[in-house]
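In this chain, numbering begins with 1 at the start of the sequence shown. Whatever order the structure lists them in is the order used to number ligands and atoms, beginning at 1.
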Amino acid sequence: MTTFLSGGTGTPKLLAGAESVFDPADTTVVGNTGDDVELGGLLVCPDIDTVLFEQGGVLDRDRWWGIADDTTETHDELRALADAAGLDSGPRYLPDDAQTAGRDLARWRRFSGVAEFMELGDRDRAVHVTRTGLLDEGKSLTEVTRTLADAFDVPVDVVPMSDDPVASIVHAPETSDYADEMHFQEFWVAHRAAPEVESVEFRGAGDASPAPAALGAIEEGPVVVGPSNPVTSIGPIAAIDGLREALEDATVVAVSPFVEDEVFSGPAAKLMDAVGYDPSTAGVAAAYPFADAFVLDDDDATDLDRPVVRTDTRMDDESDAERVAEAVADALEVA
Ligand code: GDP
């Protein structure tokens with residue numbers, strides 16, 4: 001068995017070429033759910049969906065989210081309708097008391113569907129309608145995720161980190177032009193990571209239990225942390241006590257999302273800086289005290305206190321991913 005921890009970009013990229021090194025039938029992917037939102041009554045799980053779509057062979061690989069060649073008729077109509085009605089295009093949070101009412105799993109990241117600030121494709125939307133419907137019928141997020149994985153013929157086991165609500169909330173300084181707290185998706189999708197960040201909170205993590213399948217997979221190990229945002233993709237997973245303790249006990253290899261202090265993509269550097277880690281491979285190692293070995297890029301000379309395997313870690317296609325997966329297997333040997 002091998003267990004991968006996943007956000008929405010780096011680990012799905014690695015999984016895209018990992019099957020010759022890590023047998024999919026013996027692979028579990030634990031997905032971050034701190035990024036999830038409820039939008040217009042639909043629970044959207046962006047990180048888990050990218051894994052499902054990539055492994056199901058339908059991912060839009062240009063944007064690295066959503067379904068390839070999807071249409072957006074409903075989304076476009078929602079924008080047009082809001083525009084015609086003179087409604088602000090959002091993000092439009094539901095009122096405070098509604099944030100903790102209703103569907104428990106969607107606490108603290110519950111947005112109105114008016115103007116739909118995140119684009120949902122039409123086929124993509126069918127996934128969220130099905131997920132939300134099954135949750136409302138009483139299934140856990142773990143059960144629902146596995147059902148969706150079956151529907152997409154996903155060869156690996158995909159499970160959420162928790163069946164309980166955890167919301168990644170970005171806090172901005174008082175002097176900021178933005179609200180003093182916002183869900184990660186408002187920060188990232190609506191504001192393109194522009195707000196200054198004072199701190200990041202994983203609301204609910206203290207009360208959340210690990211999903212039993214996620215805990216079991218980490219305990220069985222070994223664990224691979226694909227290139228990920230240490231703050232908002234791995235942070236929520238490690239913020240759940242049982243999962244962090246299991247990570248401390250497991251053999252863990254992490255692939256750096258940096259080449260020294262150069263990030264491949266996304267807001268990792270800004271968020272790491274905000275929470276007190278150097279935005280670099282050295283900072284990633286500091287953020288992962290549970291990691292036993294690292295895979296770094298050939299051009300990354302960072303000196304770490306744990307074993308390192310080097311390769312070209314840029315992944316543009318499946319053969320790149322296969323090369324990085326082989327380096328991960330080598331790192332597991334020395335971890
Ligand atoms: P998110 O959920 O989309 O924020 O993304 P993840 O947490 O999965 O991963 C984002 C991290 O992956 C970023 O910090 C990138 O620097 C890193 N990344 C993206 N593409 C590559 C790549 O080809 N190679 C490596 N090593 N890292 C990458």
Side-chain angles (χ1 to χ4, degrees), residues 4-18 29-37 44-55 59-66 118 158 160-161 166 168 170 183-185 187-189 192-193 197 200 202 224-238 253-275 277-281 283-285 287-288 294-300 302 308-328 331:
F4 289 75
L5 307 189
S6 187
T9 307
T11 300
K13 273 189 175 181
L14 175 60
L15 288 167
V29 182
V30 175
N32 166 45
T33 58
D35 289 4
D36 298 2
V37 292
V44 181
C45 302
D47 287 357
I48 283 177
D49 286 342
T50 297
V51 176
L52 293 180
F53 297 163
E54 193 289 318
Q55 288 287 295
L59 181 70
D60 180 333
R61 283 165 189 276
D62 293 328
R63 302 189 299 184
W64 214 256
W65 55 269
M118 292 172 76
V158 185
M161 64 188 198
V166 178
S168 298
V170 172
H183 186 265
F184 173 73
Q185 296 296 359
F187 168 78
W188 178 232
V189 176
R192 307 313 307 172
V197 182
V200 180
F202 305 117
V224 178
V225 183
S228 302
N229 183 326
V231 181
T232 47
S233 291
I234 305 305
I237 299 175
V253 164
V255 183
S256 180
F258 287 83
V259 180
E260 296 187 352
D261 58 1
E262 291 288 320
V263 77
F264 282 89
S265 62
K270 180 172 198 166
L271 292 165
M272 288 177 74
D273 202 26
V275 304
Y277 291 117
D278 193 44
S280 67
T281 288
V284 173
Y288 295 162
F294 289 88
V295 173
L296 304 190
D297 192 82
D298 285 328
D299 291 335
D300 190 334
T302 310
V308 164
V309 171
R310 285 188 171 80
T311 189
D312 174 0
T313 60
R314 171 172 292 281
M315 294 181 285
D316 291 326
D317 58 30
E318 287 179 20
S319 71
D320 290 337
E322 187 174 357
R323 178 184 64 243
V324 176
E326 278 162 3
V328 167

If you take the nearest heavy atom of each of [options], which one is closest to [atom]?
| atom | options | answer |
| --- | --- | --- |
| atom 26 (N) of ligand 1 | Ser256, Gly31, Pro257 | Ser256 |
| atom 14 (O) of ligand 1 | Ser265, Pro267, Ala321, Pro227 | Ser265 |
| atom 4 (O) of ligand 1 | Ser233, Pro12, Gly7 | Ser233 |

Query raised in the report: Between Ser233 and Ser228, do the side chains contain an N or O donor and an N or O acceptor separated by less than 3.5 Å?
Result: no
Query - Ser280 and Asp261: side chain donor to acceptor below 3.5 Å - result: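 No, no side-chain donor-acceptor pair sits under 3.5 Å.
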For [atom], what's the nearest protein heavy-atom neighbour? Residue, atom name and distance, please.
| atom | result |
| --- | --- |
| atom 3 (O) of ligand 1 | Thr9 OG1, 2.6 Å |
| atom 23 (O) of ligand 1 | Met315 N, 2.8 Å |
| atom 20 (N) of ligand 1 | Lys13 NZ, 2.9 Å |
| atom 18 (N) of ligand 1 | Phe264 CB, 3.6 Å |
| atom 2 (O) of ligand 1 | Gly8 N, 2.7 Å |

Can you check whether [Y]'s main-chain N or O pairs, donor with acceptor, with [X]'s side chain at less than 3.5 Å?
| X | Y | result |
| --- | --- | --- |
| Gln185 | Asp36 | no |
| Asp298 | Asp312 | yes |
| Ser6 | Gly31 | no |

What atoms of ligand 1 come within less than 4.0 Å of a heavy atom belonging to [X]?
| X | answer |
| --- | --- |
| Asn229 | 6 (P), 7 (O), 9 (O), 10 (C), 11 (C) |
| Thr313 | 22 (C), 23 (O), 24 (N), 25 (C), 26 (N) |
| Asp47 | 2 (O) |
| Ser228 | 6 (P), 7 (O), 9 (O), 11 (C) |

Query raised in the report: Does ligand 1 have any atom that is closer than 4.0 Å to a heavy atom of Gly266?
Result: no
Query raised in the report: Less than 4.0 Å between a side-chain N and a carboxylate O, is that true for Asp320 and Arg323?
Result: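 Salt bridge flag = yes for Asp320 with Arg323.
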Requested in this report: Using a strict cut-off of less than 4.0 Å between a Lys/Arg side-chain nitrogen and an Asp/Glu carboxylate oxygen, indicate whether Lys13 and Glu54 qualify as a salt bridge.
Outcome: no
**Report entry** For ligand 1, the portion of Ala268 having any non-hydrogen atom under 4.0 Å away
**Finding:** side chain
Query raised in the report: Heavy atom under 4.0 Å from ligand 1: found in Arg314's side chain, backbone, both, or neither?
Result: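 Under 4.0 Å from ligand 1, Arg314 contributes backbone atoms alone.
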Query raised in the report: Do the side chains of Trp64 and Leu59 get nearer than 4.5 Å, heavy atoms only?
Result: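 With C-beta onward as the side chain, the pair touches.
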Query - Passing candidate, side chain to side chain contact (heavy atoms under 4.5 Å, CB included) with Pro12, options Thr50, Asp47, Val29 - result: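 Testing Pro12 for a side chain to side chain contact (heavy atoms under 4.5 Å, CB included) against Thr50, Asp47, Val29 leaves exactly one candidate, Thr50.
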Query raised in the report: How are the rings of Trp188 and Phe184 set relative to one another: parallel (under 30°), tilted (30 to 60°) or perpendicular (over 60°)?
Result: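 Ring orientation of Trp188 relative to Phe184: parallel.
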